[in-house]
2 protein chains.
Amino acid sequence: MPKLGMEPIRRAALVKATIEEIGAEGSLEVTVARIAKRAGMSSALAHHYFGSKDEIFLAAMRHILSVYGAEVRGALVMAKSPRDRVEAVIRAGFSESNFRPATIAAWLHFYVLAQKSPAAARLLAVYQGRLRSNLVHGLRPICGTAAPGIADRIAALIDGLYLRTGLSGAGPRGPGATADVLLALEAEINNAT
Amino acid sequence: MPKLGMEPIRRAALVKATIEEIGAEGSLEVTVARIAKRAGMSSALAHHYFGSKDEIFLAAMRHILSVYGAEVRGALVMAKSPRDRVEAVIRAGFSESNFRPATIAAWLHFYVLAQKSPAAARLLAVYQGRLRSNLVHGLRPICGTAAPGIADRIAALIDGLYLRTGLSGAGPRGPGATADVLLALEAEINNAT
DNA sequence: GGTTCTTTATTGACTGGTCAATCAACAAAA
DNA sequence: TTTTGTTGATTGACCAGTCAATAAAGAACC
């Protein structure tokens, strides 16, 4: 019963299943067979559409990043002042969707993959560059030449808090992490102006 | 030619080889066979002394953490003022030994393992608790009740900068990372007092 | 409207390889 | 002869990726 035009449906299902499968029991030892099963197809079909396991995972990561990007853009349209813009970027980074166990586990997997896969490293660089430029753009009107330095530290703080939250159940969850970054931001801005 | 008293020697050799093997090409796909070969013994012997692969890796991580702990203690004896104490903890976190590719890769592997292995999670909690308490201890005389909050943010910043450094060849290396944390510390202290 | 051809969808079975862990056996020291 | 050290060989499992085969949907041609 081959209906035509299945490709986009299958690909989307595999991306979704990949994130779910990584999230289930937080394991990074996902197999193509399990992903395919979760997506309701054979592993052979998964290979047919994506070619390799890494390709499947990269597609999943692109999806996560695109959701993240959409959230940032959505938050930015609401921002009136430069300060609002910075806050919007920070809040988007700790949004509920980013804090789902599946997303956190996917990020960890992504970090590991970035050590070996040039494509993953490139994708990671895109994310980091976007985060940085978003922060700098908001900070420049507030602290001028100090903006890039502050942006780097805030970006690293975001990543660090995100990592800590993902690893130990302890540490500040979403809102707590946001509050922590905003406190650090406050201190940096007061110090720079 | 079985000389007696080999156990500590073999264990130490395996720990050393594990870290080296993880560092070589930064891969996390270390096999017991390769570790054992690097340590000059059969894989069977490695299992004989450690029981499982995870045990071997946990021993290696304990070693890394003990070296880190020693560096922190060493730096602390030189510290005269509370401010010196905080700086000592920060500098120790970004010491040369922590920035070797092997150590960075081991940390990443450790993070991943902590998601599944309770023993690894416990070890990670010990590290985080120690880092936090060291920072709080130094900060308390400087900023009083603000110390714990600042310590949390500085600790997260340390982890985030460490992660970024390990992942992209870019980003501030050891001294740069230290400088970044010290700048953030300055801002936090000025803001709190 | 039927017949062939091509394209897309789909899977079961298989391959080639890897790896952790075990075990039986051997060697030397105490 | 008991304890400690040591390994080659093997087992058992898992898994990514391939392939041949099947099935249907449309296209082209008559």
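Letters go in sequence order (proteins before strands), and every chain restarts at 1. Worth knowing before you read on, the calculation uses all heavy atoms, side chains too, and leaves out hydrogens, waters and symmetry mates.
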Check: How many Å lie between CE on B/Met41 and P on D/dT7, as a whole number?
Finding: 8 Å

Check: Can you name the residues that form a side chain to side chain contact (heavy atoms under 4.5 Å, CB included) with A/Arg122, not counting sequence neighbours?
Finding: A/Pro118, A/Ala119

Notebook entry, point to check: Any idea which of C/dA9, D/dT7, C/dT11 is nearest the B/Ser42 side chain?
Noted result: D/dT7

Notebook entry, point to check: Quick one: side chain to side chain contact (heavy atoms under 4.5 Å, CB included) partners of B/Pro141, sequence neighbours excluded?
Noted result: B/Pro82

Check: Hey, does A/Ile22 have a side-chain heavy atom less than 4.5 Å from the side chain of A/Trp107?
Finding: no

Notebook entry, point to check: What pairs with B/Asn191 under side chain to side chain donor-acceptor pair (under 3.5 Å), at least two apart in sequence or on another chain?
Noted result: none

Next item on the list: Give the rounded distance in Å between these two atoms: CZ of B/Arg11 and P of D/dT4.
Entry: 14 Å

Notebook entry, point to check: Nearest-Å distance, CZ (B/Phe50) to P (D/dG5)?
Noted result: 13 Å

Check: Nearest-Å distance, CG (A/Leu45) to C1' (D/dA24)?
Finding: 15 Å

Margin query: Suppose we screen for side chain to side chain contact (heavy atoms under 4.5 Å, CB included). Which residues come up paired with B/Ala12, at least two apart in sequence or across chains?
Written below: none

Using a cut-off of under 3.5 Å, enumerate the N/O to N/O pairs linking the protein to nucleotides 18-23 of chain C.
from: C/dA20; atom 1: OP1; to: B/Lys53; atom 2: NZ; distance (Å): 2.8
from: C/dA20; atom 1: OP2; to: B/Val32; atom 2: N; distance (Å): 3.1
from: C/dA21; atom 1: OP2; to: B/His47; atom 2: NE2; distance (Å): 3.0
from: C/dA21; atom 1: OP2; to: B/Lys53; atom 2: N; distance (Å): 2.9

Below 3.5 Å, can you tabulate the donor-acceptor pairs from side chains in residues 45-64 of chain A to any protein atom, sequence neighbours excluded?
from: A/His47; atom 1: ND1; to: A/Ser43; atom 2: O; distance (Å): 3.3
from: A/Ser52; atom 1: OG; to: A/Glu55; atom 2: N; distance (Å): 3.2
from: A/Lys53; atom 1: NZ; to: A/Val30; atom 2: O; distance (Å): 2.7

Check: Whole-Å distance between D/dT6 C1' and B/Leu14 CG?
Finding: 13 Å

Notebook entry, point to check: Are OP1 or OP2 of C/dA9 and a side-chain N or O of A/Tyr49 less than 4.0 angstrom apart?
Noted result: yes

